[in-house]
Each structure stands twice: as structure tokens, then as C-alpha cells.
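Structure first, commentary second.
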Amino acid sequence: MNGIVVVVVAAVVLAAGYLGYGRWLAAKWGVDRDALTPARRMEDGKNFSPASCFTAFSHQFSSICGAGPVTGTIAAMMFGWLPVLLWVLVGGIFFGAVHDFGALYASVKNNGKSLAQLIEKYIGRTGRKLFLLFSWLFTIIVIAAFVDMVAGTFQATFDAAGAVDAAKSYAGGAAGTISILFTFVAIAFGWLNRRFQLSGVREFVLAVVLFVAMFAVGMQFPVYLDKLGWFAVIAVYLLFAAAMPIQTLKQPRDYLTSIMMIVMIVCAVVGIFVLGANGQATMTAPMVVDFGEMAAKGSFVFPLLFVSVACGALSGFHSLVSTNTSSKQVEKEQDMLPVGYGAMVLESFVGVLAIVVAAIMFSDLNTAGTGALNNGVAATPFSIFSQGIARGMTAFGVNQTLATVFMTMCVSALALTSVDAVARIGRLSFQEFFAQTNDALEDEQAELTGAAKVASNTWVATVLTLILGFALAFGGYSNIWPLFGASNQLLGGMTMITLAVFCKCTGRKGFMLYVPVAFLLCSTFTSLVQSTIGCVNALAASGVAVIATSGLQLVFAILLMVLGVIVAYNCLKELFTKEAGSLPDEEPEWTEMGRAHVREQAAASAGTEGAKDVA
């Protein structure tokens, strides 16, 4: 099969899904073009910060498009590329995009409430507390998996004498330097935008100039560190990214990252077409394998295929981004469709590109059982993806070194922009656990005493979350991924149930959520049981030697299962007992800052006499 055919067909299917099913869903639930969103009404200079459609989309896309659409899809290709492709397309349109848009929609209609706060409103306070604990544990798993991936991408290779092998380490070292610069450049970029009110073309041109400068410096001055060294660098970055006001670092960084990712997608598509024109885009990987053979080896297509693909088709983590951060940035209700549904569709397309690139690269894999590419670099999903696209870039004239550094930076950014979002969400979930109210504005203002006051401090909550995440990271992402995939999909199932209750309580139609709920709960609980059995077997076989890895994973698996069962039960009970239309959307809340800015904008657009009365 020619990769060009798959890319074109997938692009058409996903575009049709967005234009058809996405718009139908938005019309079914209702979008008020004249409504003032929580980002505008409740602007507070910390979490609620209105942004343009593209900036909000950039935040959502760069936060959700992590390692999942690359690592998950390529790992799942053990069952053949066709089943993975079908699940990415079907799951992306009817499961993942509905999930992301639905979570964003429910939050915007409820004054920017987080998913946990929505659960308290529609399910009950106990459900909220249990969900927050589940959410916090889940973010720790994500931090562990993604931090290990990023550090592994940047780490230097050393020879027998302990000296840096510059030839093998250059791409990772240069990308590491660019990532360090990225943090400071993003802060400066955000400040310049606010100071000079840059937008549109001027904002984009500034971003491109900064990109060129970062890559020039990074390629000239690579940083060579071992894995532990990069662990330390990433820890410092996450500490500040999780605690600082969102418009200071996260929002401008996401804008910059999204531009880089869009360039990567364009390069991947153009590269595949150029390779195809040269007869080099044949997908040599198996289309379908014998599922019976795989089952005999302990790899069952259900549920492993569906939980492994993760973010490429559906990810529960996305609901945390949609409700904890994106809903507090959406400036207009009509922006919810491109931000929520559109970002997921684009991520599914990234998953399609990963499938095609890996299938083309299959013929270059060493078949002697070493699992290494012919040039000696370990054949991880990231290396397969980055080298495959770099090959396509060189085919249309890009310098090999530049292509390799660019793609190394891109794949690390895929994980890094997700892990900084999840570190922030983990911190917020931990703080919210101690909140005394269910108001999105009151969480950090509630009066606390004693240990609760200390634990809910922004910096304390961030440090505790990161310490546990980094401790789990020493087990390696490959050991954590099955646990991440299962808990991720379980979170998606719980989100879908909550959305179904939301739809029923507000008098909206929710029938399109019922099949995804049933499927996700069945697949995720099956996978968690399998992960638990695997950890128990590993402990029985190796004992104390794996207590820090398999033992810790076993504890997390059991906790997630217990919490998942309790939360799912409470959600399903409410779904069948709540009366239709019993809880309408919330009355709008305001902050003084939001009220002042809305008045200023109304006066500027319509004149002082025609200013909208928002009192």
C-alpha cells in the first residue's frame, strides 16, 4: 500500500468528521454566539485569561498532542497497521473529539468548572473527592512516562572511556539547548505580545524570528547531559511551568509549540508525497497479523490495541486540559468547536502520520531480533517517527542535520508540552482536593488551616506531585505505558458518564455518549486487571529486585481500579436516577477585572454611549 493513499483518505475522513459530526454535535447541544464566556467574565490574571481562537487552539492542541499519538499508535502496530488506522479514525471522530469537545462545552457552560467540580455538581461531593484522588494519581503516571521519554530523547551517548560520542549525541544535545531556550523565549514572547498588543501577522512573524534564532543557537551550542542530568533540568522547568500564571509561560509556549508542530505535520505530508513520487513510500509493515498468534504470546487485541493507541483516538487526560485550562481561555462560545473537537481531529491525523511513517520505515528495521534501526539507534517509536519524517524532509531538499535536529526537537516537544500541562493539572487537582467550595473562583481563596493550608500551597502541591512522578519515572516509560493507557481510557470513560449526566440534567441529548461509555469501561477495567496480574507475576518472579518498579505500579493499578469502580458506579447511578432538565446551566459569574475589561471592550467597539451594561 502506498502511504500517500492512506494519508489522503484519512485526511478526507477526519475533515468530514469535523465538518459533519462535529458541527452536528455543536448544533445539537447549542452554541450561543452572543454569550460572554468565563474567560472574559471571570478574568483574574492567573487562570482565567481570554485568548484568540488560534491561541486557545494552540494551548489545547500542544497540551493534548503528547507522546500518545506517536508512541501509542506505533506500539499498537504489533497487530498490523490497518486495525490501528481504523481505530484512530473511528475513535478520533466518534469517541475522542466528542469527549474533548463535550468536556470543554460543559465547563464553559458552568463558569469554567473543572471536571471534578462538574462531578460534584451532577454526581455529588464524595464522587468529586474520589475523582480528584484518581486524577492526581493519573497525572503522576503521565509525568513519569513523558519525563522518561523526553530525558531519553535528549540524553548523550558516551563511549567506553566515558567521553561524549558527539556524532550520536549531537541531535539530542542541540534539541536540548533549544528546549532550554524555549522556556525563556516563551516568557519574553508573551511579555512582548502583552506589552505591544501583538496579534495576527505581527505575532506570527515574531514567533518565526524567535524560532530561527533558537535553532541557530541550539545547533551551535549543544548541551550534553546524561539521563539523570536531563531529569534535573526538566524538573526545574516543570516546577515553574506548573506554578506560574498561565499567561506568563504556558500560553505563549503553547503558541510557539503549535507553530512548530504544524510545520512538522506539513513536512511529514510533503515528505511522504515526495517519497511516494520517488517510489519510496510503500508501507512494508504487515497490514493485519494473526490475532490468535498474538494472543498465544499474551498480547490480546482487546483491550491492548485500544488502550495502547491512547491519545491518537481517545484520551481521558484531554478532559483535564479542556476543563482545567482551555475553558478558562476560550473567548467565544463558537471557538469551542475548533478548540475542543478540532484539536483532537488534528491529533488523530498526527496518529495517522505516525502509522504511515512507521509502516514505511519497517523495511529499515533490523529483523535479527535486536529491535534496532540499521544505523544503530534504538528503534523506539520516537526514533522511528523522527527519522522517518527527517528522511522525507531530506527528500525535498532540507539539510540532513537540520532535519534531524528539528524532528528531535519536535518529538520531545510532543511530550514536554503535555507534561507541563499535566504537572499544572496535577497541582491543581491536589489543591482542589482541599477546597471548601465548588466555585471555580473560590478554590484558592477558601480559608484553610493547619496541614491542609500547607498542602494546598501552590509550590508545595507542585513539589509533591513532581516528586512522586519522577520517582515512578525510574521504571521506564515502556513499563509504565500499559498502566498509563488503561488509566487514561478509564478517565475518558468517567468523563463520558459525567457528560451524559450533564446532558440529561440540562435537557440536552446525550445518546451519542452511551456506546463510548460502555466500550471504554469494559476495555479499561480489563486492561487494569491484566496490568495487575502482570505486576504480581513480576514480583513473584523477581521479588525485591523489582519492588521499586513493579511494586509501585501494582499499588497504582489497584488504587486506580478501586477508585474507578466507585466513581463509575456513582456516575451511572446518577445517570439513571436524575430527572431530565433538573439542573440548568449556571448563572454567569463575574470578577471585577472581567467586568472592567468587558466594559472597556464594549466602549471601544460601540462607543461610550453604546457600551454594554454588564452590571
Side-chain angles (χ1 to χ4, degrees), residues 14 17-18 21-26 28-29 57 60-61 63-66 68-69 72 87-110 113-116 118-119 122 131 134-135 138 142 306-307 309-327 330 336-349 351 418 421-422 425 484-503 508-524 564 567-568 571 575:
L14 291 171
Y18 174 82
Y21 194 65
R23 287 182 174 179
W24 172 82
L25 188 64
K28 198 75 175 175
W29 286 349
F57 171 87
Q60 178 82 3
F61 176 64
S63 296
I64 68 174
C65 192
W87 172 235
V88 167
L89 295 178
V90 174
I93 293 171
F94 297 105
F95 286 62
V98 173
H99 167 277
D100 295 8
F101 170 71
L104 179 62
Y105 182 92
S107 180
V108 168
K109 289 294 188 180
N110 282 278
K113 276 182 165 51
S114 68
L115 184 57
L118 291 173
I119 287 177
Y122 296 108
F131 176 81
F134 178 96
S135 176
F138 170 74
V142 179
F306 305 99
V307 298
V309 171
C311 308
L314 179 138
S315 171
F317 160 62
H318 297 183
S319 66
L320 303 181
V321 176
S322 293
T323 60
N324 282 72
T325 55
S326 294
S327 65
V330 171
M336 291 189 292
L337 183 62
V339 172
Y341 202 99
M344 180 62 223
V345 167
L346 186 58
E347 182 177 12
S348 292
F349 187 65
S418 286
V422 84
I425 291 167
F484 159 72
S487 57
N488 188 30
Q489 304 303 80
L490 178 55
L491 177 57
M494 290 191 289
T495 301
M496 288 289 210
I497 303 174
T498 304
L499 293 178
V501 178
F502 159 76
C503 287
R508 294 179 172 91
K509 300 296 183 182
F511 61 86
M512 68 291 292
L513 303 170
Y514 299 154
V515 171
V517 165
F519 180 81
L520 289 170
L521 292 181
C522 290
S523 61
T524 52
V567 174
C571 289
L575 178 62

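Here the structure is a predicted model, which means the values were calculated and not measured.
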Less than 4.5 Å apart, side chain to side chain, heavy atoms only: is that true for [X] and [Y]?
X	Y	value
I425	V142	no
Y21	M512	yes
L337	Y105	no
F502	L513	no

Check your understanding: If you look at every heavy atom in S418 and F317, which pair is closest and at what distance?
Key ->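 Minimum heavy-atom contact is O-CZ, 3.9 Å.
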Review point. Do you know which two heavy atoms are closest between Q60 and H318, and how far apart they sit?
Key: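 Where Q60 meets H318 most closely, the heavy atoms are NE2-O, 4.4 Å.
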Study note, to complete from the structure: So the side-chain hydrogen bond (donor to acceptor under 3.5 Å, both in side chains) pairs with at least one residue in residues 511-522 (sequence neighbours excluded) are none
Check your understanding: Any sub-3.5 Å donor-acceptor pair from Y341's side-chain atoms to I93's backbone N or O?
Key ->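 Checking the backbone N and O of I93 against the side chain of Y341, a donor-acceptor pair under 3.5 Å is found.
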Exercise for review: Kindly say whether A103 contributes a backbone atom to a donor-acceptor pair with the side chain of S107 at under 3.5 angstrom?
Suggested key: no
Point to revise | Any donor-acceptor N or O pair under 3.5 Å, side chains S315, N488 | key: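 N488 and S315 do have a side-chain donor-acceptor pair below 3.5 Å.
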Check your understanding: Among L118, D100, T495, whose side chain to side chain contact (heavy atoms under 4.5 Å, CB included) with S319 holds?
Key ->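 Going through L118, D100, T495 one by one, the side chain to side chain contact (heavy atoms under 4.5 Å, CB included) with S319 is satisfied by T495 alone.
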Exercise for review: Would you please indicate if the ring centroids of F519 and W87 are separated by under 6.0 Å?
Suggested key: yes
